[in-house]
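Report on the following structure.
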Amino acid sequence: TVERVLEHLRGLLARPIEIDGHPTQLTACFGVSLYPGDTLEANTLIRQSDIALQRSKQFGPNRVAFFSSGMQLAANRTIEIEALIADCIEKGNIATQYQPIIRSSDGLIVGVEALMRLPDPIGGLVRPIEFIPIAEGIGQIAKLGKLQLNRNGQDLIRLRPLVVAL
């Protein structure tokens, strides 16, 4: 069975090897898609195995993940968010929500916290818990942060008369 083959491979990898006189421990992650259960198409089988492999890597070394349709949905959503991040950076299109900071002793608003959001083309906003890890993973978090800081500065200039009037 597939499970026995994987266990055998993991056992082989568990043995230390020597590289240039230094003992080294190898680790491996495995992504598995099964024929014919998951698909009949070779290219799809490879793509699904890759999706499962990425999932197994999320849990650390020496892991195995079997493809599931839920993984495909998550992979599709990640691709959508990556495209959305690129589009937001290119067009400067982020949403900012300001949350008041209230002093507990008297209930007075003493400031605001700026919260970055990405507009979702199908409606609503993409939650930070969804887009921040993806932006970090593709190396775009600094660009989003710069965009957010620029937006905060523009908003501060625009809202300054209102803040002073309060």
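Please read all numbers here as calculations on a predicted model, not as lab measurements. Residue numbers run from 1 in the order of the sequence given.
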Do the side chains of [X] and [Y] join up, straight or via other hydrophobic residues, at under 4.5 Å, putting them in one cluster?
X: Val64; Y: Leu34; answer: yes
X: Leu9; Y: Val2; answer: yes
X: Phe131; Y: Ile129; answer: no
X: Leu144; Y: Ile138; answer: yes
X: Leu118; Y: Ile132; answer: yes

Let me confirm one number: the [atom1]-[atom2] distance from [X] to [Y], rounded to the nearest 0.5 Å.
X: Gln148; Y: Arg117; atom1: CD; atom2: CZ; answer: 9.5 Å
X: Glu113; Y: Thr96; atom1: CD; atom2: OG1; answer: 12.0 Å
X: Glu130; Y: Thr78; atom1: CD; atom2: OG1; answer: 8.5 Å
X: Ile46; Y: Ile51; atom1: CD1; atom2: CD1; answer: 12.5 Å
X: Met116; Y: Leu149; atom1: CE; atom2: CG; answer: 8.0 Å

Using links of under 4.5 Å between side-chain heavy atoms of ILVMFWY residues, direct or through other members, which residues join Tyr98 in one cluster?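 When side chains under 4.5 Å apart are linked, the cluster holding Tyr98 also contains Val112.
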Show your reasoning for whether side-chain contact (heavy atoms from CB on, under 4.5 Å) applies to Phe30 and Lys57. CA-CA 8 Å; Phe30 300 92; Lys57 288 178 179 180; over 6 Å; no
Contacts of Glu80 that satisfy salt bridge (Lys or Arg N to Asp or Glu O under 4.0 Å) - sequence neighbours left out: Arg77
Could I get the full list of salt bridge (Lys or Arg N to Asp or Glu O under 4.0 Å) partners for Arg103, not counting sequence neighbours?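 Once residues adjacent in sequence are excluded, the partners of Arg103 under the salt bridge (Lys or Arg N to Asp or Glu O under 4.0 Å) criterion are Asp106.
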Is a side-chain donor or acceptor of Asn62 paired with a backbone partner of Ala28 at a separation under 3.5 angstrom?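 Looks like yes, one N/O pair under 3.5 Å.
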Using only atom types and a distance under 3.5 Å, with no angle test, would you say the side chain of Arg10 pairs donor to acceptor with the backbone of Leu6? no
Enumerate donor-acceptor pairs with a distance under 3.5 Å from any side-chain N or O in residues 82-94 to protein atoms, sequence neighbours excluded.
unit_1 : atom_1 : unit_2 : atom_2 : d
Asp87  : OD1    : Lys91  : NZ     : 3.1

The criterion is side chain to side chain donor-acceptor pair (under 3.5 Å); which residues satisfy it with Ser33, sequence neighbours excluded?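 Ser33 satisfies side chain to side chain donor-acceptor pair (under 3.5 Å) with Asp38, Gln48 only.
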So Val32 and Phe67, do their side chains get closer than 4.5 Å, heavy atoms only?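 No. Closest side-chain heavy atoms not under 4.5 Å.
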Modelled atom types, side-chain donor and acceptor of Gln58 and Arg55, under 3.5 Å: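 Their side chains do contain a donor-acceptor pair, which is all the 3.5 Å distance test asks for.
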So, for [X] and [Y], which heavy atoms are closest and what is the spacing to 0.1 Å?
X: Leu125; Y: Ala95; value: CD2-CB, 3.9 Å
X: Met71; Y: Ala52; value: SD-CA, 3.8 Å
X: Leu53; Y: Ser56; value: O-OG, 2.8 Å

Glu41 atom CD: more than 12 heavy-atom contacts under 6.0 Å: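 It does not: Glu41 CD has 12 such atoms or fewer within range.
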Give every donor-acceptor pair under 3.5 Å between a side-chain atom in residues 17-27 and any protein atom, sequence neighbours left out.
unit_1 : atom_1 : unit_2 : atom_2 : d
Thr24  : OG1    : His22  : O      : 3.3
Gln25  : NE2    : Leu13  : O      : 3.0
Gln25  : NE2    : Ala14  : O      : 2.9

What do the steps show when you test Lys143 against Leu147 for side-chain contact (heavy atoms from CB on, under 4.5 Å), and what is the final call? CA-CA 6 Å; Lys143 287 181 182 176; Leu147 190 60; over 6 Å; no
Yes or no on side-chain contact (heavy atoms from CB on, under 4.5 Å) for Leu108 and Ile102, after CA distance, side-chain angles and deciding distance? CA-CA 5 Å; Leu108 186 67; Ile102 300 171; over 6 Å; no
Strictly below 4.0 Å, N to O, side chains only: are Arg47 and Asp50 in salt-bridge contact?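 No, Arg47 and Asp50 are not salt-bridged.
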